[in-house]
A.B. asks: 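Starting off with a structure, shown below.
Just so you know, these numbers come straight off a predicted model, no measurement behind them.
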Amino acid sequence: MDFTRRQFLKLSGATAITMAVVELGFDDKKAKASTKEFKIAALKPTPTICPFCGVGCGILVYANEKDVVYTEGDPDNPINEGTLCSKGTTVRQIFTSDKRVEKPLYRAPGADKWKEVDWDWAIEQIAKKVKDTRDRKFIATENGMPANKVEAIASMGGAALDNEEVYILSKLMRAGLGLTYLEHQARI
């Protein structure tokens with residue numbers, strides 16, 4: 001009987017696997033008992049939506065009091081039916097990464113280092129700069145016609161925003177501040 005090299009390797013591999021299972025044994029009762037030791041067995045999953053794009057894939061997050069332990073696709077979500085893309089699969093790293101920024105950082109003009117600042121201070125500074133820029137760069141008329149616009153500030157929307165949030169944000173940017181440059185991450 002003639003064997004090709006490929007057939008020989010297949011037969012050798014199948015024989016090795018069979019012998020390993022027979023010799024080492026496989027006890028399904030032990031395997032079932034060990035599932036009680038899984039790190040997520042006692043945790044209750046919390047359903048959420050993936051923050052990376054506008055598709056709206058469902059994710060189940062398993063967390064204890066201080067850490068996100070595991071994430072997986074939500075099989076009950078009609079959009080992704082339990083599957084996740086490569087970005088959605090790694091969503092746990094948003095919370096657990098040691099590089100995660102948890103407080104606002106500020107780098108003064110001319111400085112070479114960032115420093116942590118208080119949230120209230122950061123929000124107040126942003127509001128002051130937006131108001132100052134709007135007051136200095138507001139265009140009331142253009143070619144004799146009312147314009148009421150600001151071209152020195154732009155707004156960037158994110159895919160994690162839902163329709164209602166985008167509507168309110170665009171209304172604030174257009175009507176409240178007079179911005180003409182509104183963009184979205186999906187178009188860039």
Side-chain angles (χ1 to χ4, degrees), residues 43-74 77 79-80 84-188:
L43 300 176
K44 183 178 181 269
T46 303
T48 189
I49 303 296
C50 181
F52 288 120
C53 73
V55 174
C57 294
I59 296 179
L60 295 176
V61 177
Y62 295 85
N64 56 26
E65 297 80 36
K66 56 187 174 198
D67 194 16
V68 173
V69 179
Y70 182 71
T71 58
E72 66 182 359
D74 185 355
N77 186 292
I79 294 170
N80 61 320
L84 291 173
C85 69
S86 57
K87 290 191 292 184
T89 303
T90 61
V91 74
R92 179 176 169 263
Q93 294 174 358
I94 291 175
F95 184 80
T96 61
S97 174
D98 58 346
K99 295 177 181 170
R100 178 182 177 207
V101 178
E102 296 180 356
K103 295 183 179 176
L105 299 175
Y106 173 72
R107 189 176 75 176
D112 61 346
K113 299 225 186 302
W114 293 87
K115 68 175 188 173
E116 284 186 1
V117 294
D118 184 50
W119 278 105
D120 292 333
W121 183 87
I123 291 171
E124 186 177 320
Q125 292 302 310
I126 293 168
K128 281 181 186 177
K129 292 200 180 286
V130 168
K131 180 168 180 0
D132 178 54
T133 303
R134 184 180 186 278
D135 290 347
R136 283 186 298 110
K137 300 291 185 172
F138 187 77
I139 302 169
T141 60
E142 195 170 63
N143 299 329
M145 301 291 292
N148 297 328
K149 64 181 181 178
V150 177
E151 294 180 338
I153 305 173
S155 173
M156 175 68 112
L161 301 174
D162 61 28
N163 287 343
E164 291 78 13
E165 291 168 325
V166 171
Y167 179 79
I168 291 171
L169 181 65
S170 65
K171 285 291 185 186
L172 169 68
M173 294 300 134
R174 290 181 199 274
L177 296 175
L179 271 56
T180 57
Y181 299 122
L182 276 71
E183 194 52 80
H184 191 275
Q185 81 178 58
R187 290 175 18 114
I188 295 179

A.B. asks: What heavy-atom pair brings Gly88 and Phe52 nearest, and what distance separates the two atoms?
C.D. replies: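 Answer, listing the atom of Gly88 first, then Phe52: N-CD1, 4.1 Å.
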A.B. asks: Spell out, as yes or no, whether a donor-acceptor pair under 3.5 Å connects the side chain of Asn80 to the backbone of Gly58.
C.D. replies: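 Between the backbone of Gly58 and the side chain of Asn80 there is a qualifying donor-acceptor contact (under 3.5 Å).
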A.B. asks: Identify the two heavy atoms, one from Pro51 and one from Val91, that lie closest to each other, and give their separation to 0.1 Å.
C.D. replies: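 Looking at all heavy atoms of both residues, the shortest contact is CD-CG2, 3.7 Å.
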A.B. asks: Check step by step if side-chain contact (heavy atoms from CB on, under 4.5 Å) holds for Arg174 and Leu182.
C.D. replies: CA-CA 8 Å; Arg174 290 181 199 274; Leu182 276 71; 3.9 Å; yes
A.B. asks: Considering residues, nucleotides and ligands other than Gln93, do more than 12 of their heavy atoms fall under 6.0 Å from its CD?
C.D. replies: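 Atom CD in Gln93 is not packed in, count stays at 12 or less.
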A.B. asks: Any side-chain to backbone donor/acceptor pair from Arg92 onto Val69? Under 3.5 Å, distance only.
C.D. replies: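 Side chain of Arg92 to backbone of Val69, a donor-acceptor pair under 3.5 Å: yes, one is there.
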A.B. asks: Has the side chain of Asn143 got a donor or acceptor atom that lies under 3.5 Å from a matching backbone atom of Met145?
C.D. replies: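 Between the backbone of Met145 and the side chain of Asn143 there is no qualifying donor-acceptor contact (under 3.5 Å).
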A.B. asks: Applying side-chain contact (heavy atoms from CB on, under 4.5 Å), run through Ile59 and Asp74 and close with a yes or a no.
C.D. replies: CA-CA 5 Å; Ile59 296 179; Asp74 185 355; 5.9 Å; no
A.B. asks: Any carboxylate oxygen within less than 4.0 angstrom of a Lys/Arg side-chain nitrogen, looking at Lys128 and Asp132?
C.D. replies: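 No, no charged N to carboxylate O under 4.0 Å.
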A.B. asks: Determine, stepwise, if the pair Val150 / Ile139 fulfils side-chain contact (heavy atoms from CB on, under 4.5 Å).
C.D. replies: CA-CA 6 Å; Val150 177; Ile139 302 169; over 6 Å; no
A.B. asks: At their closest point, which heavy atom of Tyr62 faces which heavy atom of Lys44, and how far apart are they?
C.D. replies: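 Distance-wise, the nearest heavy atoms are CD2-C, 4.4 Å.
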A.B. asks: With no hydrogens and no angle check, is any side-chain donor or acceptor of Ser170 less than 3.5 Å from a backbone partner on Tyr167?
C.D. replies: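 Judged by distance alone, yes, a pair lies under 3.5 Å.
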A.B. asks: Quick one: closest heavy-atom pair of Leu60 and Pro45, and the distance?
C.D. replies: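 Closest heavy-atom pair between Leu60 and Pro45: CB-CB, 4.1 Å.
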A.B. asks: Using 30° and 60° as the class limits, which term best fits the ring planes of Tyr106 and Trp121: parallel, tilted or perpendicular?
C.D. replies: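 Geometry flag for Trp121 against Tyr106: perpendicular rings.
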